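Report on the structure given below.
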Amino acid sequence: MNNLLLLLPELIILIVAFAVFILDLVWGQERSNSSVFPALTMLGALGAVIATVFIWAQAGSGALQLRVIATDSGGALSMLAVDQFAMFFKIYAALTVGLVGLVSTDYIRAHTSFRGEFYAMLLMAGLALMLVASSTNLVMIFLAFEFLSITSYLLTGYLRDNDFSVEAALKYFLYGSVASTVMVFGFSLIYGATGSVDLRDIATALASADGTVAGYLVMPAIVLIIVGVGFKIALVPFHQWSPEAYQGAPTPITAFLSVGPKAAGFALMVRILTIAFPGFAHTAAANWVAILMGIAILTMTFGNVVAIWQTDIKRLFAYSSIAHAGYMLIGVVAIAPQYVGGSQTIEGWSQGLNGLLIYLLGYLFTNIGAFAIIIAVENKTGSSSISKYAGLIKRSPFLAVAFFIFLLSLIGIPPTAGFVGKLFVFGAAINQQMFVLAIVGIVNSVISVYYYLNIARQMFFEDVEDSTPITVSGGLNAAVAISLALVFAIAIFAQPFITWTTNSAQILASSF
Amino acid sequence: MQNIPLTWWLSVATALFSLGLYGALSRKNAIAILMGLELMLNAVNINLVAFNRYITPQNVTGQVFAVFVIAIAAAEAAVALAIIIAAYRQRGTVNVDDLDSMKF
């Protein structure tokens, strides 16, 4: 019973998802317009957030024993960890699903007559995000990862009468399935090297393994795992799918893809690398810190430079999200102490991870807020071309000003959440003496000013071709308002958020 | 069977994986790419079962993992074929070179 209570957030999402599936089936086509589906989705997401906060509070007061990988091994729940790190991502996943549900309603009504299933699939994708973030066993990681992939493919191709949507889904599938197969090949090598599939047992076995095992099995395995996870996060050079998938997918799903799977990929990457391979952070045989450092530099630079030439806003946001993945990766690289000497404190260790989490949180609200406005403009004009943003200030002052603030947050200008995230990841890199990373990151932020402010120029200074005002439904307005409030709150009342992410980050430190 | 060394099984698996990857990367037909993927997943299964037999014969972790991989491969194939059929209805082709409507 205690174990079931720990899985309450997942159970709530699962039950609501099945309720939506069954209601959609029973009610049939004619009632598929019902607002019960989005309402249920948001209630389910809210319920999951409340359940997670409840479990967190219970654990804090000692009434409930969490399952933390560093202290507990085996037992009934050896597949999943329920620790503060996983709970951070559960809240993150539920917020993603709730906000995407909020921005989807109008878009889905306008574009397809099959509506109920969309919300059920969205909830299932949210459940997959939660499972990916808490898996501690290679079998479970693979299952959760594929669960997330398959629901993402289906959501991307949801508009099956739309050329772009189907093409995007096919490309996403072809790249994605190759990447996850490559990753599971890496898992099989790790199983061979250690005889175990549990992350902590792997670390124990590797600590006493000889150099041959490390060189021939673990090094290729780490590279293969980085390929699979890097695909999900859209790191260069595994990013080719993302511009196509982002452009073709239904716009609310583009918003989901840009925050959900990215966060889950980072959670998975951090968990595998810090729990199973802490000893390889700086060894010559499989130096994952060096590999990730190179990827981070490539990803930031490529994303920002290619974004300059984009004319479609969804495609521009695809490259922008590649660039942001690069900034976030700095947080992962700065996890490991560069000079292994045993003097590293938990605070010093978790600084990069703390930066990653707060960056992800800020990016969630900034990006979903921005996509709410992209959806509003697309609903009105039927196009996602950047030229459609000309004179937006005259058509809807609220949307234009809100979009401008989200763009400032993406650039990283205070007082917005984007600034806090960048401050923390760059700060962690400097503390770890990785000055190159911090400098490349700052130069790239400057490059990104050009293409973000180009949109602002269109909105404020270009002439309007069509000056009819853009009216927005309550759902989109609410999503923009919530995002706007949190983008400011994370920057201005930063302390509670930082305490929260620090608590989540430090739980992994004891295993490192 | 035990007198066949483990490296033989691993060589077969690696060769199969490489063939599958080559197929998945070089083929133009979406169905053929899917077949390449299945080869790669089967290479994973050979690896898992061989390691299970030679490294940890006392438990069945690797075999259980292989069963899950087979199940996931089936689910993936079902979704892939659904998407490929949807693409065929839209375009009348499953050649991935012709699916290029989103050039910037």
Side-chain angles (χ1 to χ4, degrees), chain A residues 137-140 142-143 145-147 149-151 153-154 156-157 159-178 180-198 217 243-248 306 309-312 314-316, chain B residues 6 10 13-14 17 20-21 24-25 30 33-34 36-41 43-52 54-59 61-62 64-69 71-73 75-80 82-91 94 96 98-104:
Chain A
N137 180 301
L138 293 183
V139 181
M140 190 64 208
F142 176 60
L143 287 177
F145 195 84
E146 284 295 298
F147 183 17
S149 300
I150 288 175
T151 44
Y153 306 148
L154 289 174
T156 304
L159 306 177
R160 64 175 192 206
D161 298 326
N162 178 311
D163 256 12
F164 284 180
S165 179
V166 170
E167 186 182 321
L170 186 59
K171 285 181 177 165
Y172 191 11
F173 170 80
L174 292 176
Y175 284 115
S177 48
V178 171
S180 53
T181 308
V182 166
M183 184 178 76
V184 75
F185 193 76
F187 287 176
S188 76
L189 295 184
I190 292 175
Y191 173 62
T194 63
S196 170
V197 288
D198 185 88
L217 291 173
E244 310 275 315
Y246 279 44
Q247 191 187 350
V306 179
W309 286 280
Q310 300 309 314
T311 54
D312 182 289
K314 284 161 85 177
R315 230 178 149 89
L316 181 134
Chain B
L6 175 60
L10 298 188
T14 311
F17 185 83
L21 188 58
L25 296 180
I33 296 175
L34 192 62
L37 267 171
E38 298 293 323
L39 285 186
M40 288 161 74
L41 283 168
V44 173
N45 288 339
I46 294 179
N47 252 358
L48 287 170
V49 175
F51 279 135
N52 187 82
Y54 286 83
I55 308 271
T56 56
Q58 68 278 12
N59 60 33
T61 317
V64 171
F65 201 158
V67 170
F68 276 115
V69 172
I72 288 287
E76 218 169 42
V79 170
I83 294 173
I84 291 171
I85 288 171
Y88 183 75
R89 285 200 180 132
Q90 289 288 322
R91 302 287 177 79
V94 291
V96 288
D98 297 336
L99 298 168
D100 58 355
S101 60
M102 287 188 284
K103 286 273 164 61
F104 75 99

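So you know, we letter chains A, B, ... as the sequences are listed, proteins then strands, and number each from 1. Keep in mind the model is a prediction, meaning the values are calculated, not measured.
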Distance col, row B:Leu34:CG vs A:Leu174:CG, nearest 0.5 angstrom, shows 8.0 Å
Just to verify, what does A:Tyr172 make a side chain to side chain donor-acceptor pair (under 3.5 Å) with, not counting sequence neighbours? none
Check whether any side-chain heavy atom of A:Val184 lies under 4.5 Å from a side-chain heavy atom of B:Met40, and answer yes or no. no
Keeping B:Glu76 on the side-chain end and A:Phe173 on the backbone end, is there a donor-acceptor pair under 3.5 Å? no
Is it the side chain or the backbone of A:Ala193 that comes within 4.5 Å of chain B heavy atoms, both, or neither? neither
In terms of heavy-atom proximity below 4.5 Å to chain B, should A:Phe185 be classed as side chain, backbone, both, or neither? both
Mind checking the CG-CG spacing from B:Asn47 to A:Leu189? Nearest 0.5 Å is all I need. 5.5 Å
Between B:Leu6 and chain A, which part of the residue has a heavy atom less than 4.5 Å away: side chain, backbone, both or neither? neither
Side chain, backbone, both or neither: which part of B:Ala24 has a non-hydrogen atom closer than 4.5 Å to chain A? side chain
Roughly how far, to the nearest 0.5 Å, is OG of A:Ser196 from CG of B:Asn59? 9.0 Å
Side chains of B:Arg91 and A:Glu167 in contact at under 4.5 Å (non-hydrogen atoms): yes
Give the member of A:Leu170, A:Asp312, A:Thr181 that has the highest number of heavy-atom pairs under 4.5 Å with chain B. A:Thr181
Considering only heavy atoms, which portion of B:Ile33 lies under 4.5 Å from any heavy atom of chain A: side chain, backbone, both, or neither? side chain
Side chain to side chain contact (heavy atoms under 4.5 Å, CB included) between B:Ile55 and A:Tyr191: does it pass, once the steps are laid out? CA-CA 9 Å; B:Ile55 308 271; A:Tyr191 173 62; over 6 Å; no
State whether the side chain of A:Tyr153 and the backbone N or O of B:Ala80 hold a donor-acceptor pair below 3.5 Å, judged by distance alone. no
Can you tell which part of B:Ala75 gets under 4.5 Å to a heavy atom of chain A, answering side chain, backbone, both or neither? both
B:Val96 versus chain A, heavy atoms under 4.5 Å apart: side chain, backbone, both or neither? side chain
Go through the atoms of A:Phe187 and report whether side chain, backbone, both or neither lie under 4.5 Å from a heavy atom of chain B. side chain
Between the CG atom in A:Leu138 and the CG atom in B:Leu48, the distance rounded to the nearest 0.5 Å is 9.5 Å
Under 4.5 Å from any heavy atom of chain A, what part of B:Asn45 do you find: side chain, backbone, both or neither? neither
Across all chains, not counting sequence neighbours, the side chain to side chain contact (heavy atoms under 4.5 Å, CB included) partners of B:Leu25 are B:Leu21
Sort A:Ser165 into side chain, backbone, both or neither according to what part of it lies under 4.5 angstrom from a heavy atom of chain B. neither
